[in-house]
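Worth saying up front: this structure is predicted, and the values here are computed from it rather than measured. Basis for what follows: all heavy atoms, side chains included, without hydrogens, waters or symmetry-related copies.
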Amino acid sequence: MIVRLTGTLVEALPTRVVLDVGGVGYELGVSANTAAALPAVGEAGVTLLTRLIVREDAMELYGFSSREERALFDRLVAISGVGPKLALSVLSTFTPQALATVVATQDVTRMSQVPGVGKKKAQRLLVDLEGVFQKDAELRSLVGLTGPSDGAAPAKAGAAAPAVSVEAEATDALLSMGFTSQEVELALDGFEEAGANTIQKVLSYALKRLGSGA
């Protein structure tokens with residue numbers, strides 16, 4: 001299994017790159033986000049994390065600029081009906097952190113922005129990915145949505161610590177979506193009084209306020 005390549009970037013397009021490693025050129029499919037993170041063509045010492053997909057008629061190599069993106073690619077292609085092309089399309093539309101937020105809020109409108117994904121498919125993807133995030137503590141940790149460790153005792157009602165943790169996670173998620181610190185602070189104002197006590201509810205509350213210009 002090829003899991004990483006380091007070499008000279010000899011070609012770079014929004015959907016694929018060619019990396020020269022010891023005189024051998026490797027063509028890798030990439031997301032637009034990974035392509036944008038690459039240095040100029042001709043740069044040596046470029047490293048991409050990789051995943052090899054073997055099919056009956058071809059072997060295809062895909063490259064990623066981060067562990068988070070590769071982990072999400074792995075989870076996406078494991079979903080029935082999602083191939084590498086659609087997985088890269090999702091990862092071209094969202095950063096890993098932004099995708100985690102879209103899933104947490106079950107935002108069908110934003111998921112429908114992925115090319116080739118209509119409303120029905122967006123709804124199914126969100127449900128499938130929600131289950132993936134709930135079951136996969138490693139993935140939650142990679143994208144910054146860490147929660148209580150498995151087996152941890154539930155927090156007591158009224159305890160202050162969980163609210164602080166949820167607020168911090170929501171703040172990080174909103175900042176990763178491109179909102180300013182001031183916008184995030186205003187959007188989160190009053191979330192506890194509104195009864196938002198989970199990351200999903202807090203993000204939903206904040207995004208509604210941001211959408212209404214609050």
- With the side chain counted from C-beta on, respond yes when V103 and Q106 share a heavy-atom pair under 4.5 Å apart, and no when they do not. yes
- Task: State whether the side chain of S92 and the backbone N or O of S31 hold a donor-acceptor pair below 3.5 Å, judged by distance alone.
- Result: no
Atom pairs and distances, donor-acceptor, side-chain atoms in residues 71-78, under 3.5 Å, two or more places apart:
residue	atom	partner	partner atom	Å
D74	OD1	R51	NE	2.9
D74	OD2	R51	NE	3.4
D74	OD2	R51	NH2	2.8
R75	NE	D136	OD2	2.8
R75	NH1	A71	O	3.2
R75	NH2	D136	OD2	2.8

- Here the pair of heavy atoms bringing T50 nearest to I2 is OG1-O, 2.7 Å
Give every donor-acceptor pair under 3.5 Å between a side-chain atom in residues 109-116 and any protein atom, sequence neighbours left out.
residue	atom	partner	partner atom	Å
S112	OG	V108	O	2.7

- In terms of hydrophobic clusters joined by side-chain contacts under 4.5 Å, are V18 and V46 together? no
- Query: Checking N33 side chain against F94 main chain: does a donor-acceptor pair fall under 3.5 Å?
  - Reply: yes
- Message: If the condition is side-chain hydrogen bond (donor to acceptor under 3.5 Å, both in side chains), which residues does R16 pass it with, not counting sequence neighbours?
- Response: E11, E27
- Item | Side chain to side chain, L49 and S66, heavy atoms closer than 4.5 Å | no
- Any chance CD of E130 has more than 12 other-residue heavy atoms, nucleotides or ligands included, within less than 6.0 Å? yes
- Quick one: does T180's side chain get under 4.5 Å of V184's, heavy atoms only? no
- For E43 and T8, test the side chains for any donor-to-acceptor distance below 3.5 angstrom and give the result as yes or no. no
- Under a 4.5 Å cut-off applied to non-hydrogen side-chain atoms, are V30 and L88 in contact? no
- Just checking, any donor-acceptor pair under 3.5 angstrom between side chains of T6 and T47? yes
- Query: Under 4.5 Å between side-chain heavy atoms, hopping through other hydrophobics if needed: is there a path connecting V90 to V127?
  - Reply: no
- Query: Would L9 end up clustered with L13 when hydrophobic side chains under 4.5 Å apart are linked, directly or stepwise?
  - Reply: no
- Task: Working to the nearest 0.5 Å, report the span between CG of L61 and CD1 of I53.
- Result: 9.5 Å
- Query: Do L19 and V10 come close enough that some side-chain heavy atom pair is under 4.5 Å?
  - Reply: no
- Under 4.5 Å between any side-chain heavy atoms of Y62 and L28, yes or no? no
- Message: Could you check whether any side-chain heavy atom of T105 comes within less than 4.5 Å of a side-chain heavy atom of L207, counting everything from C-beta outward?
- Response: yes
- Query: Under 4.5 Å between side-chain heavy atoms, hopping through other hydrophobics if needed: is there a path connecting V24 to L52?
  - Reply: yes
- Task: Please answer whether the main-chain N or O of D189 pairs with a side-chain N or O of Y205 as donor and acceptor at a distance below 3.5 Å.
- Result: yes
- Heavy-atom closest pair (L203 atom, A104 atom, distance to 0.1 Å) is CD1-CB, 4.1 Å
- Are side-chain heavy atoms of I79 and R124 found at a separation under 4.5 Å? yes
